[in-house]
Novice: 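I have a structure I would like to understand better, so I am pasting it below and will then ask my questions one at a time.
Side chains included, hydrogens not; waters and symmetry mates left out as well; all remaining heavy atoms used. All values derive from a computational prediction rather than experimental measurement.
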There are 2 protein chains.
Amino acid sequence: MSNEIEAVPKESIKRLQIIQAAFKLFSENGFYATGVDLIMRQAHVSKRTMYVYFPAKNDLIVAVLKFYRANYERSLSDLLARNDLSSREKIVAIFEDAARNWFANSQFHGCLAVNAMGEFAGKDPNIENACLEFKTWELDVFRELTKELPVMNPQDLAFKLLVLLEGMGGIAQVMKQPCPIDIKQMVNDLIDCQCVV
Amino acid sequence: MSNEIEAVPKESIKRLQIIQAAFKLFSENGFYATGVDLIMRQAHVSKRTMYVYFPAKNDLIVAVLKFYRANYERSLSDLLARNDLSSREKIVAIFEDAARNWFANSQFHGCLAVNAMGEFAGKDPNIENACLEFKTWELDVFRELTKELPVMNPQDLAFKLLVLLEGMGGIAQVMKQPCPIDIKQMVNDLIDCQCVV
DNA sequence: AAAAGGGTAAACAGATTTGTTTACCTTACG
DNA sequence: CGTAAGGTAAACAAATCTGTTTACCCTTTT
């Protein structure tokens with residue numbers, strides 16, 4: 001017999017089903033408001049199985065936040081990999097995608113990491129950490145892009161872009177309407193203001 | 001003497017105690033996670049009294065959101081009333097206050113209206129409405145200020161400022177660190193980019 | 001002094017939550 | 001074929017939540 005410590009498969013189908021169902025429900029209805037029973041029913045999984053993969057609800061929340069980030073990362077990878085676009089064009093594209101997908105979309109529920117902080121700040125360090133890691137990763141994406149630009153301080157510009165993206169998310173979440181401003185122009189202006197050329 | 005209008009439930013001391021206690025608890029711990037029993041204990045009020053003023057928890061949440069807005073409005077009124085400051089200086093001051101109070105303050109829990117949307121979007125129209133009204137009011141404040149500026153499109157600029165302020169709140173909520181960028185410069189750049197002069 | 005508000009304390013109902021366990025089933029595989 | 005892993009269904013414990021009611025107490029006013 002293998003005397004390994006019983007390793008829960010990290011890539012089990014069931015585990016993924018649970019995370020996907022939980023992601024949808026947490027996004028639409030919030031974390032506290034979503035009961036474990038509902039998740040388990042939507043995932044077509046028994047409670048016993050859920051208990052094996054996620055001993056506590058908060059463990060599942062952390063996993064969902066990581067899944068959320070991995071999803072975002074994957075959806076960006078194609079864009080970032082393209083070599084027919086300049087870094088500036090990639091940045092603009094990120095914002096235009098966001099504007100198109102978030103504003104005037106009643107199915108948009110804001111950044112999951114921010115929502116999670118609203119419910120768990122000061123209560124669960126693991127969840128706080130997952131949220132921080134998500135935003136840190138977003139910042140890193142911008143940092144990779146801005147360091148290719150002829151600007152005075154790429155780090156500062158990356159943070160400014162992060163703030164801008166965050167603001168779009170928050171506003172779109174509350175005010176559901178077509179995005180009334182020219183995001184492309186705003187981003188380009190922001191970059192131009194720091195250009196050394 | 002004081003024969004002012006008297007003891008209207010809207011202005012009751014007890015009512016205010018409840019709202020203030022609830023505001024603190026909702027901000028720190030979230031809405032669902034905060035039980036009515038705890039609110040009532042912190043407000044030094046019996047459950048029967050709470051039930052008189054707020055037949056349901058969601059009624060209290062709406063009242064708290066209105067209180068949150070009224071508070072913000074009052075804290076801005078001094079600044080907005082000053083006539084030794086230009087509109088541009090007032091706008092910059094709003095952002096510098098926000099940067100100082102939000103970043104690197106572990107007691108900052110983000111915009112209550114955004115947090116509320118995260119928990120109640122699609123569930124309670126009254127709460128959704130209160131959140132929307134809060135952001136609309138914030139936008140109006142900026143609109144009043146930008147229409148004094150020599151810019152092409154004051155309405156657009158106001159919305160951009162709103163997005164920027166929102167972004168600062170969201171980022172500060174998750175990444176608790178000293179604000180690493182020069183907010184004053186960023187706001188001025190944003191305004192300058194739309195100046196006609 | 002008596003009546004009437006306004007408030008308190010506490011018990012209670014009914015539903016729902018997370019977390020735990022037991023007993024059974026299905027299916028892949030040596 | 002037969003075993004063992006992995007999953008299901010369902011009952012259950014214990015706590016908690018909102019919402020409701022009853023009985024009482026204090027203070028003000030008349």
Novice: Does the distance from a Lys or Arg side-chain N to an Asp or Glu carboxylate O, for K135(A) and E166(A), drop under 4.0 Å?
Specialist: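 Salt bridge: yes.
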
Novice: OP1 or OP2 of dG6(D) less than 4.0 angstrom from a side-chain nitrogen or oxygen of T49(A), does that happen here?
Specialist: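 No.
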
Novice: Calculate the interatomic distance between R15(B) atom CZ and dG7(C) atom P; express it in whole Å.
Specialist: 13 Å

Novice: Tell me the interatomic distance from Q17(A), atom CD, to dG7(D), atom C1', rounded to whole angstroms.
Specialist: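 So the two atoms are 11 Å apart, to the nearest Å.
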
Novice: Could you work out which one of dT22(C), dA9(C), dG7(C) sits closest to the side chain of R48(A)?
Specialist: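 Looking only at heavy atoms from C-beta outward on R48(A), the closest nucleotide is dT22(C).
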
Novice: Looking at Y51(A), I'd like to know whether one of its side-chain N or O atoms comes within less than 4.0 Å of OP1 or OP2 on dG19(C).
Specialist: no

Novice: Once you round it to whole Å, what is the distance between P of dT16(D) and NZ of K57(B)?
Specialist: 15 Å

Novice: Can you label the angle between the F120(A) ring and the Y32(A) ring as parallel, tilted or perpendicular, going by 30° and 60°?
Specialist: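 Ring orientation of F120(A) relative to Y32(A): parallel.
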
Novice: Assess the side chains of D189(A) and Q185(A): does a donor N or O sit below 3.5 Å from an acceptor N or O?
Specialist: yes

Novice: Whole-Å distance between dA5(D) P and Y53(A) OH?
Specialist: 14 Å

Novice: For L149(B) and S87(B), work out which heavy atoms get closest and say how close.
Specialist: CD2-CB, 4.0 Å

Novice: Holding to side-chain contact (heavy atoms from CB on, under 4.5 Å), I want the full list of residues that pass it with K184(B), two or more places apart in sequence or in another chain.
Specialist: V92(B), E96(B), D182(B), N188(B)

Novice: Output the rounded distance in Å from CG (N58(A)) to P (dT17(C)).
Specialist: 16 Å

Novice: For K14(B), answer base if it contacts any base atom (sugar-phosphate contacts may also be present), sugar-phosphate if it contacts only those atoms, and nothing otherwise; contact means non-hydrogen atoms under 4.0 Å.
Specialist: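 Sugar-phosphate contact only.
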
Novice: Charged N to carboxylate O under 4.0 angstrom, K57(A) versus D124(A)?
Specialist: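 No salt bridge links K57(A) with D124(A).
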
Novice: Just how far, in rounded Å, is C1' of dG7(C) from CG of L16(B)?
Specialist: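 Taking atom C1' of dG7(C) as the reference, CG of L16(B) is at 17 Å.
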
Novice: Would you mind reading off the distance between M50(B) atom CE and dT21(D) atom C1', rounded to a whole angstrom?
Specialist: 16 Å

Novice: Can you tell me which nucleotide in dT21(D), dG19(D), dT8(D) comes closest to the side chain of K47(B)?
Specialist: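 When the side chain of K47(B) is considered, dG19(D) is the closest of dT21(D), dG19(D), dT8(D).
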
Novice: Contact list please: residues 24-46 of chain B against DNA chain C, heavy atoms, distance less than 4.0 Å, in numerical order.
Specialist: H44(B), V45(B), S46(B)

Novice: Do the two ring centres, one from F142(B) and one from F95(B), sit under 6.0 Å apart?
Specialist: yes

Novice: What is the distance from CG of L60(A) to C1' of dT17(C), rounded to the nearest Å?
Specialist: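 My rounded result for the distance is 15 Å.
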
